[in-house]
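The first residue of the sequence shown is numbered 1, and numbering continues consecutively from there. This structure is a prediction, so every number in the text was calculated from the model and none was measured. The figures that follow rest on heavy atoms only: side chains count, while hydrogens, waters and symmetry mates do not.
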Amino acid sequence: MGKNSASRAAAADRANEAARQERIRAGTASVNQTFDNQFNDQFFDGLSRSYVDFARPQLDRQASEARDQLTFALARNGTLDSSMRSTQSADLQRDVDRGIQDITDKGREYATTARNNVEQARADLIANLTMTGDNVGATNAAMSRAKALSTPPAYSPIGQLFTDYTAGLAQQAAFERAAALGYGTPSRGGANLYGTNRNAVKVT
């Protein structure tokens, strides 16, 4: 009698565990299906593009304003046709290109972060399912987490990127005018915009 009871109990335990494992398999498949259907490469690529589409017009507007301000400043200082213009314009374009690359990298960063968050959520759901064997709860939780994870992040404005291109232009121009007339020395790092220093001209 006791042996038969023990056998029936063992059989019941095996059946319960088999049923539990089946629920875990079903729940895991449901979680994976929910996540895989929504979070594919197209989703993450779109997330990256959405940031670029948000940030790039801001950069283009700032770059255009910086070019205009640089032109006006050079004109005011009488250096519009000088080497200073080409130097400053090249520096500005270098920083514009760097800004474009930074925006592209930031877009990829958003996509990578989202992908990691999705995989972490998937792992958490499956780990909880393995502990509880609650496939219905796992399915419902997966749909809730997927909805939250699919919400686009709130992007912050890129800030002012081009603020230094007109700073110091008047001072540099004054230094170089003085140097061209033989007073003082040219500003550090700048080409002489106003010809040769009169003291450097040999008179015969």
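For the pair Arg145 and Phe35, the tightest heavy-atom approach, listed with the atom from each and the gap, is CB-CZ, 4.3 Å. Across Thr34 and Ala146, no two heavy atoms sit closer than the pair CG2-CB, 4.0 Å. Taking both residues in full, the closest heavy atoms of Gly107 and Tyr51 are given as N-CD2, 3.6 Å, listed atom of the first, atom of the second, then distance. Taking every heavy atom of both residues into account, Ala121 and Leu149 meet most closely at CB-CD1, 3.7 Å. Taking both residues in full, the closest heavy atoms of Ala142 and Leu125 are given as CA-CD1, 3.7 Å, listed atom of the first, atom of the second, then distance. The heavy-atom pair separating Ser50 from Tyr155 by the smallest distance is OG-OH, 2.7 Å.
Checking side-chain atoms of Gln58 against main-chain N and O of Phe54 turns up a donor-acceptor pair under 3.5 Å. Side-chain N or O atoms of Ser30 include none that pairs as donor or acceptor with a backbone N or O of Ala26 at under 3.5 Å. Asn37 contributes a side-chain N or O that, together with a main-chain N or O of Gln33, makes up a donor-acceptor pair within less than 3.5 Å. The backbone N or O of Asp134 sits nowhere less than 3.5 Å from a side-chain atom of Arg23 that would complete a donor-acceptor pair. Gln62 places a side-chain N or O within donor-acceptor distance of the main-chain N or O of Gly159, the cut-off being under 3.5 Å.
Between Arg108 and Asp45 there is no side-chain heavy-atom pair separated by less than 4.5 Å. The shortest side-chain heavy-atom distance between Pro153 and Leu47 falls under the 4.5 Å cut-off. Contact check for Glu119 versus Asn116: no side-chain heavy atoms found under the 4.5 Å cut-off.
The existence of a salt bridge linking Asp60 and Arg56 is confirmed by a sub-4.0 Å separation between a basic side-chain nitrogen and an acidic carboxylate oxygen. A salt bridge does not link Arg94 with Asp97: every distance from a Lys NZ or Arg NE/NH1/NH2 to an Asp or Glu carboxylate oxygen is 4.0 Å or more. Salt-bridge annotation for Glu109 and Lys106: present, with a side-chain N of the basic residue lying under 4.0 Å from a carboxylate O of the acidic one. A salt bridge does not link Arg98 to Asp105: none of the charged side-chain nitrogens sits closer than 4.0 Å to a carboxylate oxygen.
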For this session: Determine, stepwise, if the pair Leu59 / Ile103 fulfils side chain to side chain contact (heavy atoms under 4.5 Å, CB included).
Result: CA-CA 9 Å; Leu59 182 145; Ile103 286 172; 3.7 Å; yes
For this session: Check the pair Arg67, Gln93 against side chain to side chain contact (heavy atoms under 4.5 Å, CB included), reporting the backbone distance first and the verdict last.
Result: CA-CA 9 Å; Arg67 291 188 184 99; Gln93 186 59 51; 3.0 Å; yes
Exercise. What's the verdict on side chain to side chain contact (heavy atoms under 4.5 Å, CB included) for Ile126 and Asn32, showing C-alpha distance, side-chain angles and the deciding distance?
Worked result: CA-CA 9 Å; Ile126 292 175; Asn32 286 333; 4.0 Å; yes
For this session: Applying side chain to side chain contact (heavy atoms under 4.5 Å, CB included), run through Arg20 and Thr132 and close with a yes or a no.
Result: CA-CA 9 Å; Arg20 178 178 176 276; Thr132 65; over 6 Å; no
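Checked against a 6.0 Å centroid threshold, the rings of Phe44 and Tyr110 do not count as neighbours.
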